[in-house]
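Here the structure is laid out as structure tokens; the discussion comes afterwards.
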Number of protein chains: 2
Amino acid sequence: MIDHEGPTPLYVQVADAIQARIEAGELLPDRPIPSENQLVQEYGIARGTARKAIQLLRERGLVVTVVGRGTFVVAEPRQG
Amino acid sequence: MIDHEGPTPLYVQVADAIQARIEAGELLPDRPIPSENQLVQEYGIARGTARKAIQLLRERGLVVTVVGRGTFVVAEPRQG
DNA sequence: CGTAATTTGTTCGTATGTATG
DNA sequence: TCATACATACGAACAAATTAC
């Protein structure tokens, strides 16, 4: 699922994978995505890599992060 | 007692130190080891580091942890 | 019964050092 | 030199379980 060798950075692959899970309806609006540590487990990556992936998703406007709580799928997947 | 500079990770040093205290009979079977906050004070470390040290001791089969109570020295230090 | 204090569990924020390409 | 990636470590906030009052 994640290619640790290929040219695409891991954090981009992980961000894309999570985005796919959101668009597939596996991860629902206002509900949390897996925690950083869970992403570390699921994808076999370092925490810093998980954080960069989540940061990418924030920049894409797909999630919001709350300290001490987690990162949540935004209610409106892009809109005004 | 704890070397904050050397190559050995702090959490390993702290785990080793606690194990030594168990083997020396300072920390007795079925009795609690110092709480995470006490370890923070005693060793001048962060709580996360104390938790990683305790996790190591659990993996070594030396202690068991109970939520809201504490971490206890196992009755049988390895046996069948 | 409710409240507070203690203790472990979980989560994100940040910084540093190391290694690789 | 820079980006990527991992490991370590400290800090802060939030949460749940237990115990004392």
Side-chain angles (χ1 to χ4, degrees), chain A residues 1-19 21-22 27-75, chain B residues 1-19 21-22 27-75:
Chain A
M1 187 193 249
I2 297 296
D3 181 7
H4 285 248
E5 316 303 325
T8 305
L10 280 183
Y11 71 93
V12 175
Q13 292 184 54
V14 172
D16 288 346
I18 298 172
Q19 177 167 353
R21 290 165 72 177
I22 292 174
L27 300 174
L28 300 174
D30 286 328
R31 295 193 59 185
I33 69 172
S35 72
E36 293 173 357
N37 283 335
Q38 284 175 325
L39 293 177
V40 166
Q41 301 295 317
E42 292 178 22
Y43 294 104
I45 58 178
R47 193 189 159 205
T49 304
R51 284 184 58 76
K52 288 192 76 170
I54 292 173
Q55 182 182 32
L56 243 187
L57 293 173
R58 274 196 302 268
E59 289 166 3
R60 291 175 182 172
L62 296 175
V63 300
V64 293
T65 298
V66 184
V67 180
R69 298 281 327 274
T71 295
F72 302 80
V73 179
V74 294
Chain B
M1 188 192 251
I2 296 296
D3 180 9
H4 285 246
E5 315 303 325
T8 305
L10 281 182
Y11 71 92
V12 174
Q13 293 184 53
V14 172
D16 289 345
I18 297 172
Q19 177 167 350
R21 290 165 73 176
I22 292 174
L27 299 174
L28 301 174
D30 285 327
R31 294 194 59 187
I33 69 172
S35 73
E36 292 173 359
N37 283 336
Q38 284 175 326
L39 293 177
V40 166
Q41 300 295 317
E42 292 178 22
Y43 294 104
I45 58 179
R47 191 188 159 205
T49 304
R51 285 183 59 78
K52 286 193 75 170
I54 292 173
Q55 181 182 34
L56 242 187
L57 294 173
R58 273 197 301 269
E59 289 168 2
R60 291 176 182 173
L62 296 175
V63 301
V64 293
T65 299
V66 183
V67 181
R69 303 242 6 244
T71 295
F72 302 82
V73 178
V74 295

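Chain letters run A, B, ... following the sequence lines, proteins first and then strands; every chain starts at 1.
- Proximity of B/I2 to B/L10: side-chain heavy atoms (C-beta onward) are separated by under 4.5 Å at one or more points.
- In this structure, A/L39 places its CG atom 13 Å from P of D/dC6, rounding to the nearest Å.
- The side-chain heavy atoms of A/L27 and A/V63, taken from C-beta on, include no pair separated by under 4.5 Å.
- The shortest distance between side-chain heavy atoms of A/T71 and A/L57 does not fall below 4.5 Å.
- We find that CD of B/E5 is positioned 11 Å from P of D/dA9, with the value rounded to whole Å.
- Residues from residues 41-59 of chain B with heavy atoms under 4.0 angstrom of DNA chain C, sorted by number: B/R47, B/R51.
- For the atom pair A/D16 CG and A/T8 OG1, the distance stands at 8.0 Å (nearest 0.5 Å).
- Residue A/Y11 places at least one side-chain N or O under 4.0 Å from the OP1 or OP2 atom of D/dT4.
- To the nearest angstrom, P of D/dA7 lies 17 Å from CG of B/L10.
- Using a 4.5 Å heavy-atom cutoff, the side chains of B/I54 and B/I33 are in contact.
- Under the 4.5 Å side-chain criterion, counting only non-hydrogen atoms from C-beta, B/P34 is in contact with B/R21.
- Across the protein-nucleic acid pair, B/N37 atom CG and C/dT6 atom C1' stand 9 Å apart, rounded to whole Å.
- Remark: A/S35 is in phosphate contact with C/dT11, judged by side-chain N or O atoms under 4.0 Å from OP1 or OP2.
- Separation of atoms CD (B/Q13) and CG (B/L56) is listed at 12.0 Å; rounding is to 0.5 Å.
- Atom CZ of A/R69 has 12 or fewer neighbouring heavy atoms from other residues, nucleotides or ligands inside a 6.0 Å radius.
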Is there any protein nitrogen or oxygen under 3.5 Å from a nitrogen or oxygen in nucleotides 1-5 of chain C, and what are the pairs?
none

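- Rounded to an integer number of Å, the gap from A/E36 CD to D/dA12 P is 18 Å.
- Looking at B/Q55 and B/T65, their side chains never come closer than 4.5 Å, going by heavy atoms from C-beta outward.
- Contacts with DNA chain C (heavy atom under 4.0 Å) in residues 64-72 of chain A: A/T65, A/V66, A/V67, A/G68, A/R69, A/G70, A/T71, listed by number.
- Figure legend. D/dC10 is base-paired to C/dG13; pairs are counted as Watson-Crick or G-U wobble with both atom distances under 3.5 Å.
- When all heavy atoms of A/A53 and A/A15 are compared, the pair lying nearest together is O-CB, 3.6 Å.
- In this structure, A/Q38 places its CD atom 10 Å from C1' of C/dT11, rounding to the nearest Å.
- Taking CD1 from B/I45 and CD from B/E36, the interatomic distance works out to 9.5 Å, rounded to the nearest 0.5 Å.
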